[in-house]
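In listed order, ligands and their atoms are each counted from 1. The figures here come from the full heavy-atom set of this structure, side chains too, leaving out hydrogens, waters and symmetry mates. What you see is a predicted model, and the numbers here were worked out from it, not measured in a lab. Numbering starts at 1 and runs along the sequence shown.
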Amino acid sequence: MKFSDDTDRSSLLLPVHNSTDQTIPSDRTVRLLDTTLRDGEQAPGVSLSPDQKVEIARALERAGVAAIEAGSACTGAGERQAISRVTDLDLDARVTSFCRGLQVDVDLALECDVDGVHIVVPSSDRHVEGKVGTSREDNLATTADLVEYATAHDLWVEVIGEDGSRADLDYLEQLAETSLEAGADRFCFADTVGHTGPERTHEAVSRLADYGPVSAHTHDDLGLGVTNALAAVAAGADLVHCTVNGLGERAGNVALEEVAIALSHVYDVDTLELEELYDLAQIVSRATGVQLPPNKAVIGENAFTHESGIHTDGTLKDDKMYEPYSPEIVGRERRLALGKHTGRAGVAATLEEHGVDAGPDEIAEIATRVTELGDRGRRVTDADLLAVAEDVTGDDRERVVELLDLTATSGGAVPTAGIRLEVDGEERVASGTGSGPVDAAVSAVREALGSAADAELESYHVDAVTGGTDAVVTVEVTMMRDDRSVTVARSEADITRASVEAMVDGLDRLLATDEKPLAPADD
Ligand SMILES: [Zn+2]
């Protein structure tokens, strides 16, 4: 997606030190290789099933990555099955496997029917001698042999000089020259341990690019992953290795979404379908169990959320006042959060969203009370705001849905819950089963309300407020009905009760302010 804004790029372009080619012109072709399924999966505690790899590969294809490194064929039969599932998808993206500098690894990759391989050979003396136990000369010879073997089997071949950022640059050049002369499609400059900075990256890639196509593989140990990737591109690299959400060993690889947005916003270079990025981030987060850090660029919960009164007021006057680019560009929406820093403009905008009328004096009073709630260290939810607003405006309303009774058991083979609700003055009783007591109780609520409620549970989040076994938990739910959403938090010692109360309150809020009436219970 192109930017249609009035960004003055001349003020954004970063001159790269020590270079005649000082920046990245907008007509440069840069492609992204995603290695979430290989380097990303090497993050501690992450393991992806074949089904999950397929789901992520499909999402990567929708985002338009040029290549997907689907795994390491040498890892085992399960991994090979997963890689084969990805190659079977017949994607537009090139599907590759990681290979050590061994013929057996190339053979195993061929079994998975991949389009290409990354042959990873040592390049620093630490790796040449200390890890692989060979010599510089022998390493050149075996690399050339293996490249010839792989290209003879019709594979696209990229040679990665492992630990390249700590290698003798003269030797790294020899390794690149040898690889490309033997028929490799490209050579990759690897900052394997995230050790280097943009100047060294630029110098190395400039020299390597004299021999043929160059890729960059950067890690974020110094927080320089994106900077180094951009320095590599400025020096001539045209393929950047990335992972979704910056997943990877230690501090992670450079994040796909950050490279894509930086190239687009600063240099006007398109690499991906940017509006797919947030979906992709969520799919990877769910599959890996690694949550999205709230303050992370592009994908973080707070990336397009405004709480401070000054920022909210400015944003309501002009979207771009406190945002570099519109959230829609990366498939997201702007959010105004309520809390300690909320001002009158934010309160008024949120009340309007919920269809609540309040005069200027009332809004001022509501804003003061919201700030007081925020001062106690809490995030203020929509439900909190609406409760304050009712109190201030004296606009008492009848509840549409009320929880009368809840029982839940998890002792037997199947967790079961029973629920009694009052809906529009009429009592409804239902029971449900589920994978646990919370799940059972939620299905009982759904059963009691019937399809008429047609509200979706958009997000569900639990925090332990105290640390012991008697911990009080806070459950925060966001419920959606049509295009309206409401967030409610409830704190209780019992997680099932907290979950059900939050959900029932959310439904009550959605139904109370909706013109669309609640239909009678289903039979
Ligand atoms: Zn890596």
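Sorting the N, O or S atoms of H217 by how far they are from the Zn ion (ligand 1) puts NE2 first. Restricting D39 to its N/O/S atoms, the shortest distance to the Zn ion (ligand 1) is reached by OD2.
No salt bridge links R94 with D115; every basic N to acidic carboxylate O contact stays at or beyond 4.0 Å.
In this structure, I160 and F98 have side chains that are not in contact, with every pair of non-hydrogen atoms separated by 4.5 Å or more.
Side chain to side chain, H461 and E476 fail the donor-acceptor criterion of an N or O pair below 3.5 Å. In this model, no donor atom of one side chain and acceptor atom of the other lie less than 3.5 Å apart for T243 and N253.
Among the atoms of H219, an N, O or S atom is found under 2.8 Å from the Zn ion (ligand 1).
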